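The block underneath contains the structure these notes are about, expressed in structure tokens.
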Amino acid sequence: MKCLAFISTCASLLSVATAHGGVGTYTIGTTAYKGWQPYNSASGQKSIQRQYSTFDPLLIADLSKVQIRCNNAGALGTGLSATIAAGSTIKATWTHSGCNNWDGAGKVWFKIDHQGLVSGTQNAGIWAGDAIVDTLNWTTTIPASLAPGEYLIRHELLALHQRNNPQFYPECAQLIVTGSGSASPPSSFLVSFPGAYSATDPGVAFNIDGEAAKTATSYPIPGPAVWDGSSNAPQQPEPEPQPTPTTLLTSAKPEPTEPSCEVARYGQCGGLTYTGCTVCAPGSTCRANGDYYSQCL
Ligand SMILES: *[C@@H]1O[C@H](CO)[C@@H](O)[C@H](O)[C@H]1NC(C)=O
């Protein structure tokens with residue numbers, strides 16, 4: 001199964017009262033997809049969003065746990081995925097209180113979008129999260145060049161209002177990306193969860209009340225560089241503070257391809273019981289042809 005991994009990281013400065021929450025709705029075009037309801041009974045619930053159990057944050061002590069990936073303990077999907085054309089947008093709407101058989105493991109995630117400090121100083125400036133507090137919405141474009149397939153999209157808020165105690169709020173949803181793209185990010189853009197962040201990353205070991213934060217006008221967003229949709233993307237750009245805030249897009253990336261095999265055009269590359277090579281010859285893409293069979297088209 002090809003899985004789309006999407007990360008949207010919004011470093012955010014949220015108040016304690018409004019910080020706890022999760023993505024409650026995904027909107028693609030005019031269609032709204034309701035997120036998982038963590039405080040309702042799981043019985044009978046179906047959502048494109050992966051199951052999770054609480055609006056509480058994950059903390060530094062959780063960075064090595066599987067929960068940092070999609071905010072669950074590895075629970076798989078409930079059968080639904082949303083279809084989205086590459087190049088179009090997906091809007092995440094947060095609520096606060098308060099690839100169906102794939103758990104997202106491995107170095108398969110790539111970032112298509114993130115934003116941190118927008119203007120001003122770390123201590124008193126405007127952060128991306130402020131816009132989310134105002135609107136609850138964050139809209140991201142799926143790179144038009146992205147190869148079609150099944151992907152997980154991971155949205156995350158990172159709340160920094162307590163010094164040296166960042167709070168991570170990730171959730172994931174299942175997407176089926178359509179389109180005629182053939183791009184996927186090079187391995188230098190790929191990370192795994194857990195593994196993508198460490199407690200010593202400058203954006204994680206972060207004191208928003210420290211002396212340095214009163215003058216610093218950029219913030220080093222944790223995680224990989226953003227992939228802009230080019231299949232020939234350069235090596236990872238500077239991950240450290242930039243002189244001016246920028247909005248970056250990360251692109252989802254399928255599982256790394258094995259260079260050791262290749263399926264000819266029209267050959268089988270996937271399916272319910274298929275165990276062979278899943279890499280299509282250049283110029284063709286592995287696509288579902290019915291529910292149980294995929295071929296290089
Ligand atoms: C956020 O998105 C939702 C869902 O599309 C929409 O109903 C709402 O008006 C948006 N909020 C703002 C402030 O734009």
Side-chain angles (χ1 to χ4, degrees), residues 4-40 45-52 54-57 70-72 77-98 111-120 125-144 146 150-161 167-179 221 226 245-252:
L4 168 147
F6 166 113
I7 308 172
S8 176
T9 303
C10 314
S12 103
L13 185 60
L14 300 175
S15 75
V16 176
T18 58
H20 293 205
V23 175
T25 309
Y26 299 88
T27 306
I28 298 171
T30 56
T31 307
Y33 297 89
K34 197 174 173 187
W36 184 256
Q37 306 292 301
Y39 295 102
N40 292 352
Q45 270 202 64
K46 285 196 179 300
S47 174
I48 67 167
Q49 192 178 50
R50 291 297 175 90
Q51 303 173 54
Y52 66 112
T54 171
F55 286 150
D56 291 342
C70 293
N71 199 351
N72 60 34
T78 48
L80 301 184
S81 297
T83 298
I84 183 168
S88 56
T89 62
I90 174 168
K91 175 164 68 174
T93 301
W94 271 264
T95 60
H96 48 78
S97 57
K111 189 185 282 185
I112 60 173
D113 188 16
H114 70 188
Q115 192 172 27
L117 185 61
V118 176
S119 64
I126 303 293
W127 290 76
D130 296 335
I132 294 176
V133 170
D134 288 345
T135 68
L136 300 179
N137 290 327
W138 187 263
T139 300
T140 301
T141 301
I142 304 297
L146 184 65
E150 296 187 39
Y151 292 84
L152 284 176
I153 183 165
R154 178 182 184 275
H155 286 86
E156 178 180 57
L157 283 176
L158 174 49
L160 301 167
H161 55 278
Q167 301 178 347
F168 303 86
Y169 295 89
E171 288 91 33
C172 300
Q174 303 184 174
L175 298 180
I176 297 171
V177 173
T178 62
I221 300 174
V226 169
T246 53
T247 300
L248 302 175
L249 290 178
T250 62
S251 66

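These figures come from a predicted structure and were not determined experimentally. Counting convention: from 1, in listed order, for ligands and their atoms alike.
The shortest N/O to N/O separation between Asp134 and ligand 1 does not fall below 3.5 Å.
Distance screen at 4.0 Å: atom 9 (O) of ligand 1 has no protein heavy-atom neighbour inside the cut-off.
Looking from atom 12 (C) of ligand 1 to the surrounding protein, the closest heavy atom is Asn137 ND2, 3.3 Å. Here the heavy atom of the protein found nearest to atom 5 (O) of ligand 1 is Lys91 NZ, 2.9 Å.
Rounding to the nearest 0.5 angstrom, the gap separating the OG1 atom in Thr83 from the CD1 atom in Ile48 is 10.0 Å. Rounding to the nearest 0.5 Å places CH2 of Trp36 at 14.0 Å from SG of Cys172. Here the OH atom belonging to Tyr33 is positioned 12.5 Å from the OG1 atom belonging to Thr25, to the nearest 0.5 angstrom.
Classified by interplanar angle (parallel below 30°, tilted 30° to 60°, perpendicular above 60°), the ring pair His155/Tyr26 is tilted.
Among Gln49, Glu150, Arg50, the single residue meeting the side chain to side chain donor-acceptor pair (under 3.5 Å) criterion with Gln174 is Arg50.
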His161 and Gln167: CA distance, side-chain angles, deciding distance, side-chain contact (heavy atoms from CB on, under 4.5 Å) verdict: CA-CA 9 Å; His161 55 278; Gln167 301 178 347; 3.6 Å; yes
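At least one heavy atom of Thr27 sits less than 4.0 Å from an atom of ligand 1. Proximity of Thr93 to ligand 1 is established by a heavy-atom distance of less than 4.0 Å.
Ligand-side atoms of ligand 1 in range of Thr135: 11 (N), 13 (C), range being under 4.0 angstrom from any heavy atom.
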